[in-house]
Amino acid sequence: MFKYGGHLELRHLFTQSLIHFVEQHNLPIYDCDLIVPVPLHPARYRERSFNQSQLIAIALSKHFQIPCDPFAVTRVRYTPNQARVNSKQRWTNMQETFKIGTINIDINRNILIVDDLLTTGATLSEISLVFKNAGAQKVYGLTAAIAV
C-alpha cells in the first residue's frame with residue numbers, strides 16, 4: 001500500500017518502527033556519518049512520483065540528527081520491477097546498477113543505506129559494494145520490512 005498504493009502517510013509508521021528497533025537493539029546508528037536512501041531510476045520516480053526509501057531516510061535523518069543525502073548514490077540502469085523476478089534474476093539485475101553520485105566518500109565515512117524492503121539483499125549488497133569501492137569505511141543497511 002505504501003509503495004504501490006501511494007499511501008505516503010504510512011512512512012510515519014515505518015519510520016517509528018525503525019526508530020524503535022534501532023533504539024531497542026542499541027544499533028550503532030551514531031557511528032554513521034551519512035544516511036543514504038536506495039535511489040529509484042528517474043523513469044521509476046516519474047511513474048511513482050515519490051521514493052519511499054527516501055521518505056523514510058529523511059525522517060530517520062531528522063530524528064537521529066545524521067545528515068541524509070538522497071543523491072549520494074544514483075541508479076544508472078533501469079531494472080525490471082524486482083517484485084516480479086526470482087532470486088537469481090534479482091542479483092543479476094542489480095549488477096552495475098548504481099554509482100556514486102554527489103559526494104566523495106573517504107575512508108573515514110560510515111554510511112547507512114535505508115531501503116523499504118529486503119528480499120534477497122541484492123540491492124543493499126550492490127550499493128554497499130559501490131560505497132566500499134569508493135572508500136567508505138563501514139556500510140550498514142536498515143530496511144523497514146523483510147520479505148518472507
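Here the structure is a predicted model, which means the values were calculated and not measured.
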Rounded distance (nearest 0.5 Å) linking atom CD1 of Ile29 with atom CD1 of Ile66: 4.5 Å
message: I'd like to know whether Asp31 forms a side chain to side chain contact (heavy atoms under 4.5 Å, CB included) with Tyr140, so could you lay out the CA-CA distance, the side-chain angles of the two residues, the decisive distance to 0.1 Å, and finally the verdict.
response: CA-CA 10 Å; Asp31 288 350; Tyr140 301 93; 4.1 Å; yes
- request: Hey, could you give me the CD1/CD1 distance between Ile111 and Ile35, rounded to the nearest 0.5 Å?
  value: 10.5 Å
field: Atom of Glu126, atom of Glu96 and distance for their closest heavy-atom approach
entry: OE2-N, 3.2 Å
message: Minimum heavy-atom separation for Ala147 and Thr119, please, with both atom names.
response: CB-OG1, 3.7 Å
- prompt: Checking Asn110 side chain against Lys138 main chain: does a donor-acceptor pair fall under 3.5 Å?
  reply: yes
- prompt: When rounded to the nearest 0.5 angstrom, what is the spacing between NZ in Lys62 and SG in Cys68?
  reply: 9.5 Å
query: Yes or no on side chain to side chain contact (heavy atoms under 4.5 Å, CB included) for Val22 and Leu142, after CA distance, side-chain angles and deciding distance?
result: CA-CA 9 Å; Val22 166; Leu142 186 63; 4.0 Å; yes
- request: Would you check if the side chain of Thr120 reaches a backbone N or O of Ala122 as a donor-acceptor pair within less than 3.5 Å?
  value: yes
- prompt: Out of curiosity, does Leu40 fall in the hydrophobic cluster containing Ile56 (side-chain heavy atoms, cut-off under 4.5 Å, transitive links)?
  reply: no
- request: Test Val73 against Phe131 for side chain to side chain contact (heavy atoms under 4.5 Å, CB included), laying out the working first.
  value: CA-CA 8 Å; Val73 65; Phe131 279 126; 3.9 Å; yes
query: Where do Phe98 and Val130 come nearest, in terms of heavy atoms and distance?
result: O-CG2, 3.5 Å
- request: Decide yes or no on side-chain hydrogen bond (donor to acceptor under 3.5 Å, both in side chains) for Gln16 and His63, but give the supporting numbers first.
  value: CA-CA 10 Å; Gln16 287 304 312; His63 179 83; 5.6 Å; no
statement: Value for CD (Gln65) from CG (Leu60), rounded to nearest 0.5 Å, stands at 12.0 Å
field: Heavy atoms from other residues, nucleotides or ligands near CD of Gln24 exceed 12 (cutoff 6.0 Å)
entry: yes
- request: Kindly compute the distance separating CZ (Phe21) from CG (Leu27), expressed to the nearest 0.5 Å.
  value: 5.5 Å
task: Please check if the side chain of Ser61 supplies one atom and the backbone of Ala57 the other of a donor-acceptor pair under 3.5 Å.
output: no
Spacing of CZ belonging to Phe64 relative to CD1 belonging to Ile19, to within rounding of 0.5 Å: 5.5 Å
field: Hydrophobic cluster identity match, Tyr30 and Leu112, side-chain contacts under 4.5 Å
entry: yes
message: Apply ring pair (Phe, Tyr, Trp, His ring centres under 6.0 Å) to residues His41 and Tyr45 and explain how you reach the verdict.
response: CA-CA 6 Å; His41 187 275; Tyr45 187 87; over 10 Å; no
message: Using a 3.5 Å distance criterion without hydrogens, assess whether the side chain of Lys132 forms a donor-acceptor pair with backbone atoms of Gln137.
response: yes
message: Set out, in order, the CA-CA distance, both residues' side-chain angles and the distance that settles side chain to side chain contact (heavy atoms under 4.5 Å, CB included) for Thr143 and Leu124, then state yes or no.
response: CA-CA 9 Å; Thr143 63; Leu124 287 178; 3.7 Å; yes
message: Show the nearest heavy-atom pair for residues Pro39 and Arg75, with the distance to one decimal.
response: O-NE, 2.9 Å
field: Distance-only polar pair, side chains of Arg77 and Thr97, donor-acceptor under 3.5 Å
entry: yes
- prompt: Are Leu118 and Val139 in one and the same hydrophobic cluster, where Ile, Leu, Val, Met, Phe, Trp and Tyr link if side-chain heavy atoms are under 4.5 Å apart?
  reply: yes
- request: Return yes if a side-chain donor-acceptor contact under 3.5 Å exists between Asp115 and Ser53, otherwise no.
  value: yes
